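Notes follow the structure.
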Amino acid sequence: MPIGKTPATVVLLLSCPEEDILVKACEAIHTFAEKGDENKVSLLGLGALEPLCQLITHNNKLIRRNAFMALGIMATNGDIKSALKKIDVIPSIIDKLSLEEDIVVHDFATLCLASLSVDFACKVKISDNNGLPPLIQLLSSPDPDVKKNSLEIIFNLVQDHQSRLALHELGGIPPLLELLKSDFPVIQHLALKTLQNVTTDTDTCNTFREEQGFEKLMDILSNMDFHDLHAEALQVVANCLSDSKSLQVIHKGGGLTRLMEFVLTPNLPEIQSNAVKCIARVAQSSENRKLLHEQNVEKVLVELLSVADISVKTATCQAVSIMSFHLASKDSFRDLNGIPAVVQLLNNESLKLKEAATQALSNLTHGNQLNAL
Ligand SMILES: *[C@@H]1O[C@H](CO)[C@@H](O)[C@H](O)[C@H]1NC(C)=O
Ligand SMILES: *[C@@H]1O[C@H](CO)[C@@H](O)[C@H](O)[C@H]1NC(C)=O
Ligand SMILES: *[C@@H]1O[C@H](CO)[C@@H](O)[C@H](O)[C@H]1NC(C)=O
């Protein structure tokens, strides 16, 4: 606080008409709020929120900037978030995401929205006020904090179907893919998590493929420095693998071999089970099953039936069921002693695994006398 000024006085100054006083008052509020949650809550009690929400739209650039810094810091507190929900501030914040605003404004405006966007009503408000286009633009901001905050808001928005489609229609996929190359792991993670959600849509997957999405993910999957990202990257691959065009892209780039290697990566069950899910996706077309059979996928799957992790075993049984559509695969599973391995899983206490194993046996034995024996 400026010398001799209490927080209460400074809050009163937020309603003063003199611009240089407003600049200083906002700055003082920001500094005071930054010191901790107790200070933020006391500012709330003193009525600082309403004037700050007005000042973020002030004509004076410096006032706007300082008011945003104060509001952004305050908005990270839960009580203040609740209070902000009752003030109709989201349209004014979105209005200040335009490219002519200062990076500092972008930084704190997106911080506010990131905090608010976990709430359903706020998400709707952000979408209804056309928040997505400027947020997509900010994914390419030179400032990593702005990038991260914008991505966090977009991740929260795409939890809803309508926003997933809108993100694709508004050209959000290329900048999202660009963020996979970020130097900041937190940005890479968030970009992958967002891609995981949006690639559940077929049109989005087509764009993903056209924008070299698979190649970009394979770069991540081939780099052991990024092993933290592998499980998430594989989930995105699995989402987009169902059509044969995608498989051709993956296969041409040596991706199928890479997937098999992943499947056998020891002691990393999440990666293994996601890689098996990819294989099961690939195996959905008969053309692809033939290709997988030629690559000896059955041998890999039989090995996985004895891995300790239950989700790996379950995913493997599901892949076995699908591969059983290919007649030669049924014989391979028998020759590799896969059948007793699946039978043994029927004893397991996990219902999901039992169900998957039963399904696999039903498929392996269907129309195959030797397997039934
Ligand atoms: C989005 O992806 C996350 C994993 O990152 C998942 O937990 C969540 O259920 C997904 N949401 C939707 C709506 O698909
Ligand atoms: C069921 O599977 C889990 C995980 O592989 C294993 O730890 C457990 O021993 C199995 N239970 C039985 C009865 O085979
Ligand atoms: C596997 O079993 C399911 C359900 O019984 C059936 O719909 C599917 O066609 C079977 N697949 C094969 C390869 O027999």
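One is the number of the first residue; the rest follow in order along the sequence. What you are looking at is a predicted structure, and each value in this text was computed from that prediction instead of being measured. Order of appearance sets the numbers: ligands from 1, and atoms from 1 within every ligand.
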ask   = When hydrophobic residues are tied together by side-chain contacts of less than 4.5 Å, even through go-betweens, does Met260 share a cluster with Met224?
value = no
request  = Decide whether an N or O pair under 3.5 Å exists between Ala308 and ligand 2.
outcome  = yes
request  = Just jot down the ligand 2 atoms closer than 4.0 angstrom to any heavy atom of Asn347, in number order.
outcome  = 13 (C)
task = Could you point out which residue of Leu111, Asp145, Leu138 forms a side chain to side chain contact (heavy atoms under 4.5 Å, CB included) with His106?
result = Leu138
key: Which residue and heavy atom of the protein sit nearest atom 13 (C) of ligand 2, plus the separation   = Glu349 OE1, 3.3 Å
Ligand-side contact atoms (ligand 2) for residue partner Ile310, heavy atom cut-off under 4.0 Å = 2 (O), 3 (C), 4 (C)
message = Below 3.5 Å, N or O to N or O, backbone or side chain included: is there any such pair between Lys193 and ligand 1?
response = no
key: Flag, side chain of Ser141 to backbone of Gln137, donor-acceptor distance under 3.5 Å   = no
task = Please check atom 9 (O) of ligand 2 for a protein heavy-atom neighbour under 4.0 Å.
result = no
ask   = Going only through I, L, V, M, F, W and Y residues with side-chain contacts under 4.5 Å, is there a path from Val118 to Ile80?
value = no
Polar side-chain atom of Thr316 near backbone of Leu301 as donor-acceptor pair, under 3.5 Å = no
query = Quick one: do the Thr9 and Thr6 side chains pair a donor with an acceptor below 3.5 Å?
reply = yes
request  = Using a 4.0 Å heavy-atom threshold (strictly under), name the region of Gln159 that reaches ligand 1: side chain, backbone, both or neither.
outcome  = both
task = Check the side chains of Ser350 and Asn348 for a donor-acceptor pair under 3.5 angstrom, ignoring hydrogens and angles.
result = no
query = Is the shortest distance from atom 5 (O) of ligand 1 to a protein heavy atom below 4.0 Å?
reply = yes
message = Give me the nearest non-hydrogen protein atom to atom 2 (O) of ligand 2 as residue plus atom name, then the distance to 0.1 Å.
response = Asn348 ND2, 2.2 Å
query = Gln196 heavy atoms, cut-off 4.0 Å: which ligand 1 atoms fall inside?
reply = 4 (C), 5 (O)
message = Taking distance alone, with N or O pairs closer than 3.5 Å, would you say Arg164 contacts ligand 1?
response = no
ask   = Any donor and acceptor pair, going by atom type alone, linking the side chain of His227 with main-chain N or O of Leu221 inside 3.5 Å?
value = no
message = With a 3.5 Å distance limit and no angle check, can you tell me whether Arg281 reaches the backbone of Ala238 through a side-chain donor-acceptor pair?
response = yes
inquiry  = Looking only at protein heavy atoms, which one is nearest to atom 3 (C) of ligand 1, and what is the separation?
reply    = Asn197 ND2, 3.7 Å
message = Does any N or O of ligand 2 fall below 3.5 Å from an N or O anywhere on Lys313, backbone included?
response = yes
inquiry  = Does only the side chain of Gln344 get under 4.0 Å from ligand 2, or the backbone, or both, or neither? Count heavy atoms.
reply    = neither
